[in-house]
Enquirer: 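Once you've had a glance at the structure underneath, I'll fire off some questions.
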Amino acid sequence: MLPVNNDGWVTHSKVRQEHRPAIEHSPIAQVSAVVLHRTATANAQSVLNAWKTKKSGTHFLIAEDGTIYQSASLKKQCWHVGQLYSRCRKASSCSQEDASVIEQLLHRENASWGEKFRLVTRHELGKGYPERFPHNHDSLGIEIVGVMSAEKKIYELPSAEQQKSLFWLVDELIRSYSLSLTDIYAHGDIAHKEPSEGKASLDAYLVERAG
Amino acid sequence: MKAMLVLVVALAMSACVNTQQSSSQQHGKRSFSVAEMSDEVRDENGYGCELVDQVDLARFLQTADFESQRTIHDHFSVVGCSVTGKISMNGEISTFVFDYGGIMYLDDGRILACGENCCGSGYEYCTWEASPGES
């Protein structure tokens, strides 16, 4: 179990605090999931610099050498998820009524794709987790430094050092918040981002734990 | 089967420098020619997307800016509907993938995206968010 102080900061020696108040928002009521991200950068420092002023970010950042930074309190929401997929639509399990509403939102005339996705996200947030995918108010985010291949449009694999740190951190978060393996998500699976974002990290973790 | 689409968009953009994004934007004269585009949409999420028309693509090419991977990651959404083709830009030929989120990936790694100068007036291929927020 992660040692966490009253302010929501991990006190374990494996985690370095790099507080970025700009990415902290409302209090987080309950942590139901963890979302794995990739930075689309080659190093952690550029991300830590950006988080001095940006409003979006994640609670944790795993650097290129495997160093784990905590940049937001675990008691605060971070804006890291973005525009959600409809979970039931993805699983082909929506009720007829719900499916109809979602299709209407997705095919709204004279609306940009961004507007459609915001409407779908708002609709999904009317549901409880895990009926929908996790969002900012009920999940923690972990960014892992890594860029996307221009040719293949997929993110590079996390290094051995990054994987070691990620596995340890996810294990600790699962224990601390009584989560299960199904509560760990790749960003590209739940939101309209590059489909490969976080997938290699999640797959590596699940293979490790299944073995 | 490939449909030939010829679009020539000559841009004489002002030479002013945007100090906030000077590294990711090109200013000055730009010349595009989309020489070839697939006539089928790859639709990964089953959204039933129709083929982007020439007018909309021309608007994109006229007003999109070059952005970094990180900016795309933070400020844009991916739709999963895309078309592929070949583009000539300032005389250089590149293949491209155009995602309907207003993101064009060139084979040399550069990314054109529909941001502040391109979005608006109900333009369909816009997912840009200046300040990505709670939802």
Side-chain angles (χ1 to χ4, degrees), chain A residues 25-26 37-42 46-47 50 54-57 77-86 89-90 92 103 106-125 135-137 143 146-151 153 155 187-188 191-197, chain B residues 20 23 42-50 52 56 59-60 67-82 84 94-97 99-111 113-115 118-135:
Chain A
H25 300 285
S26 313
H37 300 253
R38 300 307 296 272
T39 60
T41 65
S46 61
V47 178
K54 295 195 82 155
K55 289 185 173 178
S56 55
Q77 294 182 33
C78 285
W79 294 347
H80 63 101
V81 177
Q83 309 306 334
L84 286 176
Y85 285 116
S86 162
R89 187 181 187 280
K90 229 179 164 188
S92 302
E103 293 309 310
L106 285 170
H107 293 92
R108 179 166 288 213
E109 290 193 3
N110 301 318
S112 68
W113 280 103
E115 289 167 324
K116 293 172 190 174
F117 290 163
R118 283 190 284 279
L119 291 169
V120 170
T121 299
R122 206 170 299 155
H123 176 75
E124 288 294 301
L125 290 175
H135 207 252
N136 302 325
H137 67 283
E143 284 270 19
V147 295
M148 194 174 65
S149 148
E151 189 184 351
K153 279 185 65 209
Y155 278 92
H187 195 204
H192 287 89
K193 295 294 177 181
E194 278 301 330
S196 70
E197 190 189 336
Chain B
Q20 289 184 319
S23 63
R42 182 173 178 183
D43 185 355
E44 293 174 19
N45 295 313
Y47 287 157
C49 301
E50 295 179 358
V52 57
D56 282 334
R59 169 173 170 166
F60 174 84
E67 303 289 3
S68 66
Q69 275 192 22
R70 182 68 194 177
T71 300
I72 299 298
H73 169 278
D74 284 354
H75 295 274
F76 292 81
S77 294
V78 172
V79 172
C81 290
S82 61
T84 58
S94 304
T95 58
F96 71 81
V97 177
D99 180 272
Y100 283 20
I103 308 165
M104 181 178 276
Y105 303 91
L106 303 178
D107 60 2
D108 61 6
R110 290 182 297 167
I111 307 172
C114 180
C118 167
C119 287
S121 306
Y123 184 58
E124 184 176 357
Y125 306 100
C126 167
T127 57
W128 174 72
E129 294 175 277
S131 303
E134 204 165 3
S135 66

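Naming convention: chains lettered A, B, ... in sequence-line order (proteins, then strands); numbering from 1 in each chain.
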Enquirer: In terms of heavy-atom proximity below 4.5 Å to chain A, should B:Asn45 be classed as side chain, backbone, both, or neither?
Expert: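 Both parts, backbone and side chain.
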Enquirer: Checking heavy atoms, do the side chain of A:Glu197, its backbone, both or neither come under 4.5 Å from chain B?
Expert: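 It is the side chain, since no backbone atom gets that close.
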Enquirer: If you measure from OG1 on B:Thr127 to CZ on A:Phe117, what distance do you get to the nearest 0.5 Å?
Expert: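 Nearest 0.5 Å value for the OG1-CZ distance: 7.5 Å.
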Enquirer: What is the minimum heavy-atom distance between B:His73 and A:Lys193, and which atoms define it?
Expert: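 The pair with the smallest heavy-atom distance is O-NZ, 2.9 Å.
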Enquirer: Pick one: which of B:Tyr47, B:Trp128, B:Tyr100 meets ring-ring contact (aromatic ring centres under 6.0 Å, His included) with A:Trp113?
Expert: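 The residue from B:Tyr47, B:Trp128, B:Tyr100 that satisfies ring-ring contact (aromatic ring centres under 6.0 Å, His included) with A:Trp113 turns out to be B:Tyr47.
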Enquirer: If you count heavy-atom pairs under 4.5 Å between each of B:Asp107, B:Asp74, B:Val97 and chain A, which one has the most?
Expert: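 Most heavy-atom pairs within the cutoff with chain A belong to B:Asp74.
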Enquirer: For A:Arg89, is it the side chain, the backbone, both or neither that has a heavy atom under 4.5 Å from a heavy atom of chain B?
Expert: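 Interface part for A:Arg89: side chain.
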Enquirer: Crowded around B:Asp108 CG? As in, over 12 foreign heavy atoms under 6.0 Å?
Expert: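 Counting neighbours around CG of B:Asp108, more than 12 heavy atoms of other residues, nucleotides or ligands fall under 6.0 Å, so yes.
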Enquirer: Using non-hydrogen atoms only, which part of A:Thr39 is less than 4.5 Å away from chain B: side chain, backbone, both, or neither?
Expert: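 Answer is both: backbone and side chain atoms of A:Thr39 are under 4.5 Å from chain B.
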Enquirer: I'd like to know which of A:His80, A:His25, A:Lys54, A:Glu103 tops the heavy-atom pair count under 4.5 Å against chain B.
Expert: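 Heavy-atom pairs under 4.5 Å are most numerous for A:Lys54.
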Enquirer: Check whether A:Glu143 gets within reach of chain B through its side chain, its backbone, both or neither, counting any heavy atom under 4.5 Å.
Expert: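 Contact with chain B: side chain only.
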Enquirer: Relative to chain A, which segment of B:Cys49 carries a heavy atom at a distance below 4.5 Å: side chain, backbone, both, or neither?
Expert: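 It is the side chain, since no backbone atom gets that close.
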Enquirer: Using non-hydrogen atoms only, which part of A:Val47 is less than 4.5 Å away from chain B: side chain, backbone, both, or neither?
Expert: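 For A:Val47, side-chain heavy atoms alone lie under 4.5 Å from chain B.
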Enquirer: Give me the atom names and distance for the closest heavy-atom approach of A:Met148 to B:Tyr105.
Expert: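 Shortest heavy-atom separation between A:Met148 and B:Tyr105 comes out as CE-CE2, 4.0 Å.
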Enquirer: Would you compute the distance between atom CD of A:Glu115 and atom CD of B:Glu124 and round it to the nearest 0.5 angstrom?
Expert: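 That separation rounds to 10.5 Å.
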Enquirer: Rounded at 0.5 Å granularity, tell me how far OG in B:Ser77 sits from CD in A:Glu194.
Expert: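 So the OG of B:Ser77 and the CD of A:Glu194 are separated by 11.0 Å.
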